[in-house]
Amino acid sequence: DVQLVESGGGSVQAGGSLRLTCRTSLYSIASMGWFRQVPGKEREAVAAIARPPAFTVYADSVKGRFTISQDKAKTTVYLEMNSLKPEDTAMYYCAADLRGDWYSPSNYNYWGQGTQVTVS
């Protein structure tokens, strides 16, 4: 069975940084994404990455502050979050196996259980 596990969430002051990690049981992942969700709202796309060919894409709200990357084996994806703001507070989810528009949750086949990020 395919498993995705997020880690690295926590509480941080505004302006601080966190690095989220998503590990997968898949042999190799060519496309992965990060989403976040606040209670009562729909899940929103944060960033996505695909190799090969390499590409990264970000939501306007995090562009210039967040960086998505993969490890050499392409079994782990990271989300480096800098200059965090209170509005970044959410449950962050890792998704894998993108087929379609990167910003649509329904276009990913696998999901992790999420890791909470709280900025105050």
Practice problem: Check whether more than 12 heavy atoms from other residues, nucleotides or ligands sit under 6.0 Å from atom NZ of Lys41, and answer yes or no. | Solution: no
Quiz item: How would you list, by chain and number, every residue that makes a ring pair (Phe, Tyr, Trp, His ring centres under 6.0 Å) with Tyr92, sequence neighbours excluded?
Solution: none
Practice problem: Under the side-chain hydrogen bond (donor to acceptor under 3.5 Å, both in side chains) rule, collect the residues that match up with Arg65, sequence neighbours excluded. | Solution: Asp88
Self-check item: Within residues 102-116 or reaching into it, pairs that qualify as salt bridge (charged side-chain N to carboxylate O under 4.0 Å, His left out) - sequence neighbours excluded
Solution: none
Exercise. Give every residue pair that meets the side-chain hydrogen bond (donor to acceptor under 3.5 Å, both in side chains) criterion with at least one member in residues 3-15, sequence neighbours excluded.
Key: none
Quiz item: What residues form a salt bridge (charged side-chain N to carboxylate O under 4.0 Å, His left out) with Lys72, not counting sequence neighbours?
Solution: none
Practice problem: Quick one: list whatever passes side-chain hydrogen bond (donor to acceptor under 3.5 Å, both in side chains) with Glu80, sequence neighbours left out. | Solution: none
Quiz item: Who are the side chain to side chain contact (heavy atoms under 4.5 Å, CB included) partners of Pro39, not counting sequence neighbours?
Solution: none
Quiz prompt | Those residues that, when tested against Ser17, pass side-chain hydrogen bond (donor to acceptor under 3.5 Å, both in side chains) (two or more places apart) | solution = Asn82
Exercise. Mind checking side-chain hydrogen bond (donor to acceptor under 3.5 Å, both in side chains) for Ser61 and listing every partner two or more places apart, or none if nothing turns up?
Key: Arg36
Self-check item: By ring pair (Phe, Tyr, Trp, His ring centres under 6.0 Å) - contacts of Phe35 (at least two apart)
Solution: Tyr108, Trp111
Please output the side-chain donor-acceptor pairs of residues 97-106 that fall under 3.5 Å, not counting sequence neighbours, one pair per line with the distance.
| residue | atom | partner | partner atom | Å |
| --- | --- | --- | --- | --- |
| Asp97 | OD2 | Asn109 | ND2 | 2.6 |
| Asp101 | OD2 | Tyr103 | OH | 3.1 |

